[in-house]
Student: 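Input: one structure, supplied below.
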Amino acid sequence: MNFLRYYSGFYSRDNIPYRIEIWQDAKTAFEPERITLTADPVEIEWAEVDKLEPVHSSSATLNMVSMSDRYFADLYTVEPGAIRLDILRNGKLYWSGTLDTELFGEPYAYKDRYVTTVTFSDFAVLDRLDWQERGIKSMSEILEICIMAAGFNRGSFEKHISTGLNKDYKGNLFADCSLMCDNFFDEDDEPSSIREVLNEILRPFALRLKQKNGKILLYDINGIYDTEPTPVQWRGTDAELGVEPVYNKVCLLYTSPSPRDPKTS
């Protein structure tokens, strides 16, 4: 069970209150302790990826002040997903992720009052977890298994999917499509990672999965093109104007169904 271990708070430049909470899997509850953060307490980053990449993972780098030698050293754990960071904005969930065990470090030249930097991520942990399920499951069930395995605190689920099973389709695409989970094991019965499974169930539909503003967003580009745009403010002098890859001579193949036998129709 997860228990609150550390917490702290700060205000943004726009005077918006933020609260950070570190939860840890343990047998008994901790006495929650307020910790000290640096002047730049946390940075959330969505790495630059191709616009058709199925999963757009993000990370949060937290800068804490260690008041004594190796005060936060026991946060390092080899168990994926055992420690979770929740970031609340105005009291509402804004971002959540689990400790990335490969990105933990602190200086070794100081006795106390030094900065310990730890990084949390939302979907990166899935690279280190193996797929275990077999049999036929709906795409919705598989998606739920993958998100649950990521271990972060979930907000609402928002979907913008333009693909349908027919012209006037109004159903739930993922609930109405199923596949055999045995396909995620190779000829030596070695499983794919959960991240690979997540990528491959989204790729055929050109769907993307992303966590932002306390929501999990599942969408395709065609499904969001007509949403109301948000004005962007450019700062600095290093902005560039570029173009995306374009394609020509695209060939779409369509195989018509076999005609029915008039004797049996």
Side-chain angles (χ1 to χ4, degrees), residues 43-61 80-81 85 87 94-103 119-131 133 137-164 172-174 177 179 181 183-186 191-227 229-230 232 238-252:
E43 178 181 358
I44 302 176
E45 179 183 8
W46 285 263
E48 184 176 350
V49 295
D50 186 86
K51 64 182 179 182
L52 295 179
E53 185 68 23
V55 179
H56 195 178
S57 184
S58 59
S59 62
T61 301
L85 170 69
I87 300 176
Y94 182 73
W95 188 92
S96 180
T98 58
L99 179 67
D100 193 326
T101 57
E102 296 180 354
L103 295 176
T119 299
F120 298 81
S121 58
D122 48 14
F123 295 108
V125 67
L126 299 181
D127 287 315
R128 295 190 287 278
L129 299 176
D130 291 335
W131 179 258
E133 303 292 329
K137 293 187 179 297
S138 70
M139 304 290 273
S140 291
E141 291 176 311
I142 296 173
L143 179 62
E144 179 67 19
I145 291 171
C146 293
I147 295 177
M148 287 289 292
F152 58 82
N153 196 6
R154 296 166 51 180
S156 59
F157 207 136
E158 189 172 308
K159 300 178 182 179
H160 300 275
I161 303 175
S162 62
T163 303
N172 186 330
L173 179 68
F174 268 34
C177 295
L179 56 79
C181 293
N183 293 327
F184 300 126
F185 295 81
D186 64 17
S192 302
S193 70
I194 296 181
R195 176 64 178 270
E196 290 173 329
V197 172
L198 183 58
N199 283 343
E200 297 314 314
I201 67 169
L202 299 177
R203 199 184 306 278
F205 303 101
L207 288 170
R208 305 192 78 202
L209 191 68
K210 183 177 185 178
Q211 179 200 187
K212 196 168 186 179
N213 295 334
K215 300 178 181 178
I216 297 180
L217 305 174
L218 180 64
Y219 66 95
D220 58 59
I221 294 176
N222 190 55
I224 62 171
Y225 84 97
D226 59 350
T227 56
T230 301
V232 176
D238 59 348
E240 295 183 1
L241 177 66
V243 296
E244 288 290 311
V246 295
Y247 304 90
N248 58 11
K249 297 183 179 180
V250 176
C251 181
L252 298 178

Student: Side-chain contact, heavy-atom cut-off 4.5 Å: Leu198 with Leu143?
Tutor: yes
Student: So, His56 side chain and Gln211 main chain: donor-acceptor pair closer than 3.5 Å or not?
Tutor: no
Student: Are side-chain heavy atoms of Ile87 and Phe120 found at a separation under 4.5 Å?
Tutor: no
Student: Could you give the distance from CG (Leu85) to OG1 (Thr98), rounded to the nearest 0.5 Å?
Tutor: 10.0 Å
Student: Counting distance only, does the side-chain N/O of Asp122 pair as donor-acceptor with the main-chain N or O of Ser58 below 3.5 Å?
Tutor: yes
Student: Could you tell me which non-hydrogen atom of Arg208 sits nearest to which non-hydrogen atom of Asp50, and how far apart they are?
Tutor: NH2-O, 3.3 Å
Student: So do Asn183 and Glu200 actually touch side chain to side chain, heavy atoms under 4.5 Å?
Tutor: no
Student: Distance check, rounded to the nearest 0.5 Å: Asn199 atom CG versus Leu209 atom CG?
Tutor: 9.5 Å
Student: Closest heavy-atom contact between Asn172 and Ser140?
Tutor: OD1-OG, 4.0 Å
Student: With sequence neighbours left out, what residues match Tyr94 under side-chain hydrogen bond (donor to acceptor under 3.5 Å, both in side chains)?
Tutor: none
Student: For the CG atom of Asp130 and the CD atom of Glu196, what is their distance to the nearest 0.5 Å?
Tutor: 9.0 Å
Student: Evaluate side chain to side chain contact (heavy atoms under 4.5 Å, CB included) for Thr61 paired with Glu45, printing each intermediate quantity in order.
Tutor: CA-CA 8 Å; Thr61 301; Glu45 179 183 8; 6.0 Å; no
Student: Does the side chain of Lys212 come within less than 4.5 Å of Trp46's, by heavy atoms?
Tutor: yes
Student: Which atoms form the tightest heavy-atom contact between Pro191 and Trp131, and what is the distance?
Tutor: CB-O, 3.2 Å
Student: Got a second to check how far Asp127's CG is from Leu129's CG, nearest 0.5 Å?
Tutor: 9.0 Å
Student: Could you check if a side-chain atom of Met139 sits within less than 4.5 angstrom of a side-chain atom of Leu173, using non-hydrogen atoms only?
Tutor: no
Student: So how far is it from Leu207 CG to Leu52 CG, rounded to the nearest 0.5 Å?
Tutor: 11.0 Å
Student: Once side chain to side chain contact (heavy atoms under 4.5 Å, CB included) is applied, do any residues pair with His160, and if so which ones, sequence neighbours excluded?
Tutor: Glu158, Tyr219, Ile224
Student: Among Ile161, Thr163, Leu218, Asp220, find the one that has a side chain to side chain contact (heavy atoms under 4.5 Å, CB included) with Phe205.
Tutor: Thr163
Student: Take atom NZ in Lys210; do more than 12 heavy atoms of anything else shown fall under 6.0 Å from it?
Tutor: yes
Student: Give me the atom names and distance for the closest heavy-atom approach of Ser192 to Val197.
Tutor: CB-CG2, 4.2 Å
Student: Kindly say whether Lys215 contributes a backbone atom to a donor-acceptor pair with the side chain of Asn213 at under 3.5 angstrom?
Tutor: no
Student: Heavy atoms only: give me the nearest Ala124-Ser57 pair and the separation to one decimal.
Tutor: N-OG, 3.8 Å
Student: Show the nearest heavy-atom pair for residues Thr119 and Ser59, with the distance to one decimal.
Tutor: CG2-CB, 4.0 Å
Student: Is any side-chain heavy atom of Phe184 less than 4.5 Å from a side-chain heavy atom of Ile201?
Tutor: yes
Student: Supply the atom-to-atom distance Glu144 CD to Phe174 CZ, rounded to the nearest 0.5 angstrom.
Tutor: 12.5 Å
Student: Mark yes or no for whether Glu133, through its side chain, and Ile142, through its backbone, hold a donor-acceptor pair below 3.5 Å.
Tutor: no
